[in-house]
Participant: 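Would you mind keeping the following structure in view while I ask a few things?
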Amino acid sequence: MNASQQANKEAIIQQVAAVPVGEVTSYGAIAKAAGLPGYARFVGHVLRNLPKDSKLPWHRVINAQGKLSFPPESDAYIEQKKRLVNEGVVFKNDKIKLSHR
DNA sequence: CAGGGGGCTAAGG
DNA sequence: GCCTTAGCCCCCT
């Protein structure tokens, strides 16, 4: 892995970790906040390949549609939704309201 | 080097 | 509301 990519990953992780409890953000927002506009998909890749000891709140990162990026019947979807609800995130018919944009 | 795919996004139909 | 196009980026075959 290149050093720059590692740095980008770190920056992304930083932003994700900076998301407060009860709040959700989109991949694009994370990427942009990390100084990597257009890296939305890379954010997804990073979160997907997270080491199991990351302790990173990946569940607070959703897509711009205010929904989870997993199939509704997927275990990951259910797990993420459960975690969010447990943290106080309000779901509107399987949709989360992002703090306006 | 080419091809396909993925926790994306925005714009159209 | 869903699917398609086009654009962005990175990863694995």
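Chain A is the first sequence line, chain B the second, and so forth, proteins listed ahead of strands; every chain is numbered from 1. Just so you know, these numbers come straight off a predicted model, no measurement behind them. These numbers come from the heavy atoms of this one structure, side chains and all, not from hydrogens, waters or symmetry mates.
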Participant: Can you check nucleotides 8-10 of chain C for protein contacts, nitrogen or oxygen pairs under 3.5 Å, and list what you find?
Facilitator:
unit_1: C:dC10; atom_1: OP1; unit_2: A:Tyr39; atom_2: OH; d: 3.4

Participant: Let me know the distance between CD of A:Gln65 and P of B:dG7, rounded to the nearest Å.
Facilitator: 15 Å
Participant: Within the distance-only criterion (no hydrogens, no angle test), does the side chain of A:Asn2 pair as donor or acceptor with the backbone N or O of A:Ser4 below 3.5 angstrom?
Facilitator: no
Participant: Check the distance between B:dC8's C1' and A:Lys67's NZ and give it to me in whole angstrom.
Facilitator: 14 Å
Participant: Under 4.0 Å between any heavy atoms, over every strand shown, what does A:Val46 touch: base, sugar-phosphate, or nothing? Just pick one.
Facilitator: nothing
Participant: Using the P atoms only, state how far B:dG7 lies from C:dG7, rounded to an integer number of Å.
Facilitator: 23 Å
Participant: Quick one: closest heavy-atom pair of A:Tyr77 and A:Phe70, and the distance?
Facilitator: CD1-O, 3.2 Å
Participant: Checking side-chain hydrogen bond (donor to acceptor under 3.5 Å, both in side chains) for the pair A:Gln14/A:Glu10: CA distance, chi angles, key distance, verdict?
Facilitator: CA-CA 6 Å; A:Gln14 282 286 328; A:Glu10 292 293 328; 5.4 Å; no
Participant: Is there a Watson-Crick or G-U wobble partner for C:dC8 with both distances under 3.5 Å, and if so, which one is it?
Facilitator: none
Participant: Using 0.5 Å steps for rounding, measure from the CG atom of A:Leu47 to the NZ atom of A:Lys9.
Facilitator: 10.5 Å
Participant: Considering every strand shown, what is the Watson-Crick or G-U wobble mate of B:dG7 when both distances are under 3.5 Å?
Facilitator: none
Participant: Atom CG of A:Asn93 and atom P of C:dG1: how far apart are they, to the nearest Å?
Facilitator: 7 Å
Participant: OH of A:Tyr27 versus C1' of C:dG7: gap in Å, rounded?
Facilitator: 19 Å
Participant: Given atom CG of A:Leu50 and atom P of C:dC11, what is their separation to the nearest angstrom?
Facilitator: 14 Å
Participant: Could you state the interatomic distance from NZ (A:Lys81) to CG (A:Asn86), rounded to the nearest 0.5 Å?
Facilitator: 12.5 Å
Participant: Under 4.0 Å between a side-chain N or O of A:Ser69 and OP1 or OP2 of B:dG6?
Facilitator: no
Participant: Taking the side chain as every heavy atom from C-beta outward, state whether A:Leu98 and A:Ile62 have any pair of such atoms under 4.5 Å apart.
Facilitator: yes
Participant: Between A:Arg83 and A:Glu87, is there a side-chain N and carboxylate O pair less than 4.0 Å apart?
Facilitator: no
Participant: Take atom CG of A:Leu36 and atom C1' of B:dC8, then tell me their distance rounded to the nearest Å.
Facilitator: 14 Å
Participant: Round to the nearest Å and state the distance from A:Lys92 atom NZ to C:dG1 atom C1'.
Facilitator: 18 Å
Participant: So A:Lys9, base contact, sugar-phosphate only, or nothing? Heavy-atom distance under 4.0 Å.
Facilitator: nothing
